[in-house]
Structure formats: C-alpha cells, structure tokens
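The sequence lines fix the lettering, A, B, ..., with proteins before strands; numbering per chain opens at 1. What you see is a predicted model; the values in this text were computed from it and never measured. Only this structure's heavy atoms are used, side chains among them; waters, hydrogens and symmetry mates stay out.
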Number of protein chains: 2
Amino acid sequence: MRDEEIAAIRELALFASMDEKNFDELVQGSYLQIFPPGLQLISEGDPADFLHIVIEGCVELVATANKRETTLFMIEPVKTFILAAVLKDDVYLMSARTAIRSRILLVPADAVRQVMAKDGEFALGMLHELANYYRVSVRTLKNQKLRTGVERLANYLITLDTLQGASGVCKLPHDKRTLASYLGMTPENLSRAFGTLAQYGVEVSGRKISLSNLEDLTVLAKPEKLIDG
Amino acid sequence: MRDEEIAAIRELALFASMDEKNFDELVQGSYLQIFPPGLQLISEGDPADFLHIVIEGCVELVATANKRETTLFMIEPVKTFILAAVLKDDVYLMSARTAIRSRILLVPADAVRQVMAKDGEFALGMLHELANYYRVSVRTLKNQKLRTGVERLANYLITLDTLQGASGVCKLPHDKRTLASYLGMTPENLSRAFGTLAQYGVEVSGRKISLSNLEDLTVLAKPEKLIDG
DNA sequence: TCATAAAATTGATAAAAGTCAAGCTCTTGA
DNA sequence: TCAAGAGCTTGACTTTTATCAATTTTATGA
C-alpha cells in the first residue's frame, strides 16, 4: 500500500484517534485490492476472515433464501462492512459483491479483534460504526414493514435528489434491477411504480430522473426523519 | 436497589469483566422500576436519556409511520434495549412499551457514555451486545424480505417449539395481535395463515399450539440457519 | 356468575405484489 | 455499423396481503 493511501485511511473516524503503533499493526497485515464489477467478495455462511473497507467504488450486500435473493444494503466509500461478523468471530449473514469496480481494504479479522481488545479508542470507533449500522438496519426494517413499494420508491427518489443537490434532477446510482431488489420489489413492479409516480411529476429517462412536482410527491411519500434521516 | 439485585446485574456479560469502581458508578445513578403491562416507556423521536435493561418481564419495540404501527423486536430478560441511541447520544428510532408487567433497570445515558470511554472492558461488552443486535436486525430484515407471511409464521412456530423443548407442543408468548405485528401482517391474515398451516399439522387452541407433522411443516418453512439461528 | 369489553375469526372485496411471456430498447463488442 | 444480449417495459394473470364488516370467542372485573 502506498503512503498516501495509508494516510488517507488513518483519517477515517474509525482509526483517527487510535494509537499509532496499533494502527500500524492493523495496516501491516492488510491488503488493498481492486476488484472488477460483479465480483463476489464474500459468501453468506462463510467464516469472517477479513474486515472489509470500501475505499472506492460500491459494494452490494445481498442475502438468499428460498431461491430468492434480495439486496439489503449498498455500501459506499469510505465505510466498513461485515463488522459484526468479524467482531463476533462468526459467519457472515450476507454475501457481498462489487456493484462497480472497487478498491477495498482487507484487514485480517484476528488483528482487528486483537487491537480492539487493547486499544480503547479503536474499540470506541468500532462501537460508533456499529451503532450507525444498527440504526441503518432498523430504519430499513421500518421502511420495509411500514410502507408500500410505491411509497418506498417515492421516498428513495426524494432522498436521492436531496443528496445530489436538491435540483429536482437526479441520477440513479445503480441498475434498476439492483434498485428493485434494494427496495424489496421485482423489476416489473419497479417499472410500474415509476409509472404510478408519473402523475406525481416523476419523469424517467434511463437513469435520469426529474422531479417536477416535489410537493405532490412528498404528500404521497410522507418522508419521516426516523426512517429517511 | 437491593444488594442481591445488584449482584445479579453484575453477573451479566455486559458488566461481568468491568472494573468494580466503574460498575458502582453506573449503578449508583440507576433506578430499578416495576412497570405495569402496556406502559409506554419510550417514544420514538425522544432523546436517549437512559439505557434500559429488562430484568424481568418483556418489552415490545414498535415503530410508527403512515398511521401504521409495527412491532420490530420483543426484548426478553436479561437484555438491554435502545443501546445504539444512548451510545450515539441521539433520539430513539423506536418506541418501547411493556408487553407484560416488567422490572426494568434505567441507567443514565451520560453515565454509560462516560464509563464506556474509560473502561475498555465495558466498551467491549457493549460492542458485543450491539453486534448481537445488529445481527438480529439483519436476520429480521431477511425474514421480512425473503419470505411470505405463511412462511414467516411456520418458521416462527418451529423456532418457538425448539426453544420450548421441541416437544411438538408450545405456547405463544404474546397476544396474536402482537404476534401478527411482529411477523409483519394483519391479525386477520395471521388467522388465515394459521388456517393454511392446519394442513401441515398445526393445531391452534387459544395460545396453545401443537405441531403434529414437523416434517411437512419444515418442508414448507424451509428454515435457514442464517435467518432463524 | 354474568355482563361487558377486548380479542380473534370469518367472509367478501380490494389493493398490492409476484409470475410468466412477449416485445422493446439500449448498450457493447465484433 | 450492425447483431447479440442484457436490461427494461408492458400485458395478462395469479398469489399474497390488506381492508371492512359482522360474528364468535375469550378474558375480565363487578
């Protein structure tokens, strides 16, 4: 790993206040790797060997059962994933694959656990990271259990537009297939949901979305601080 | 609080290996209270003042949006709840109410954060507790997104029977209303789901359930280690 | 023990979501 | 530039789930 990359990682909230020596110990055994899109990084049920950190790109966390698959989370830089499995020295509950070409830092799980036990600052960093993930997971669960598909899409679009500058024009960051899976519906249903939203000023052209009637859309979506942030 | 109660709490994995002095500091500001059933302990959106620990009884974590309500988790002794909000010094994402008469220990949030910062063992205990919750939340999300209502009920019954001794006879721990909400369906639908399961050997009489054909039920339910544990 | 309320069930209907099949549209690489 | 394939959309239909209304059952306290 190059020095400038190490320095960038050091800045992350997770590592920022930990001891220099412990940081070195963590980084020494780590690998920084570039993966092509669509590559399976982790399979659910496997033991947790490495803590993963997305430095660049995007990773999709998916789960399977009943011959069905669903996308649970999309992980963007700079974030860890599968922290809980590493921490508990247990198997992964989700699979992970790159959504696009991605640079990922692999930190050996036993090193993470060892350093955590002796560096309180690092343990606190992990605690905060994990607390964030727990809350994201609870929000996702609320979104899924309390809203219909159309409502989930409407809120997703409002949030997306806000993140991209609230200009009323935004761009989907993923495949519609992936988006459908993330929103908990089939691709066919996503198409129809976009159709339903047309009367609320949502125009779709490929991945480009324009929201020309945010008031009506918001009335339909009923965004909630405790779900959408 | 009585000495024997303090001793019992001290035994919890969360507190077991922490420093005596720090433990005393935590306990000193805490209250142990008994609440009647159906009492609202926490409202979603409120700032996190206390870490709650269910010593006896049962607490339901619910969330609301769109004039709908859903039960996200049932917390049984001896477990903490709303740890993440306390940790992040943020608002609660869920409301909490007692399902039955319950004894609950209330630990001031700022004390928790202070002790956590200076006692590494306690921080590690919190980390494990939180990792457990995160994983429960992910399992719940998988259950919700990958299964139909009937499948969720079937798996719930198989797990319940296993927990209660795998005798093929078990007892629902909650109202059917509450169970329906927990399983992500309406009470009417729960009734019909029980009806559907009759042909798989599920007999219902009030809260008493008997499973006379576990093989067929299991074929339908397709339990998964990574969802049902 | 009975009256009352709450909980649970059942039926009828509607809405939401999934499935299957066909066709369209956009890449993308030869 | 075009052909192939993947991604997306649309239509017809089925399944799943919710809603509303009416009963029945169960629990509870006077």
Q: Would you sort out whether N132(B) and K88(A) count as a side chain to side chain donor-acceptor pair (under 3.5 Å), showing the intermediate values?
A: CA-CA 8 Å; N132(B) 287 337; K88(A) 290 192 60 68; 2.6 Å; yes
Q: To the nearest Å, give me how far apart CG (N66(B)) and P (dA18(D)) are.
A: 14 Å
Q | Polar side-chain atom of R152(B) near backbone of L183(B) as donor-acceptor pair, under 3.5 Å | A | yes
Q: Strictly below 4.0 Å, heavy-atom distances to any atom of DNA chain D: list the hits from residues 143-152 of chain B, or just say none.
A: T148(B), G149(B)
Q.
Can you classify the ring geometry of Y156(B) versus Y182(B) as parallel (below 30°), tilted (30 to 60°) or perpendicular (above 60°)?
A. perpendicular
Q.
Applying side chain to side chain contact (heavy atoms under 4.5 Å, CB included) to V112(A) and L87(A), what does each step give before you reach the verdict?
A. CA-CA 8 Å; V112(A) 171; L87(A) 224 142; over 6 Å; no
Q) Just wondering, do L105(B) and Y31(B) contact through their side chains at under 4.5 Å, heavy atoms? A) no
Q) Contact boundaries of DNA chain C with chain B (under 4.0 Å, heavy atoms), 5' to 3'? A) dA7(C) to dA12(C)
Q | nucleotides 3-12 of chain D: protein proximity per nucleotide (B base, S sugar-phosphate only, - neither; heavy atom, under 4.0 Å) | A | ----SSSBBB
Q.
Set out, in order, the CA-CA distance, both residues' side-chain angles and the distance that settles side chain to side chain donor-acceptor pair (under 3.5 Å) for E69(B) and S181(B), then state yes or no.
A. CA-CA 8 Å; E69(B) 184 189 277; S181(B) 179; 5.2 Å; no
**Q.** Candidate list R97(A), E60(A), H174(A), R177(A), test side chain to side chain donor-acceptor pair (under 3.5 Å), partner T71(A), passing option
**A.** E60(A)
Q. Is R103(B) close to E5(B) at the side-chain level, that is, under 4.5 Å between some pair of heavy atoms?
A. yes
Q.
Is the terminal nitrogen or CZ of K176(A) (NZ for Lys, CZ for Arg) located under 6.0 angstrom from the six-membered ring centre of F194(A) and within 45° of that ring's axis?
A. yes
**Q.** Charged N-O contact under 4.0 Å between R147(A) and D228(A)
**A.** yes
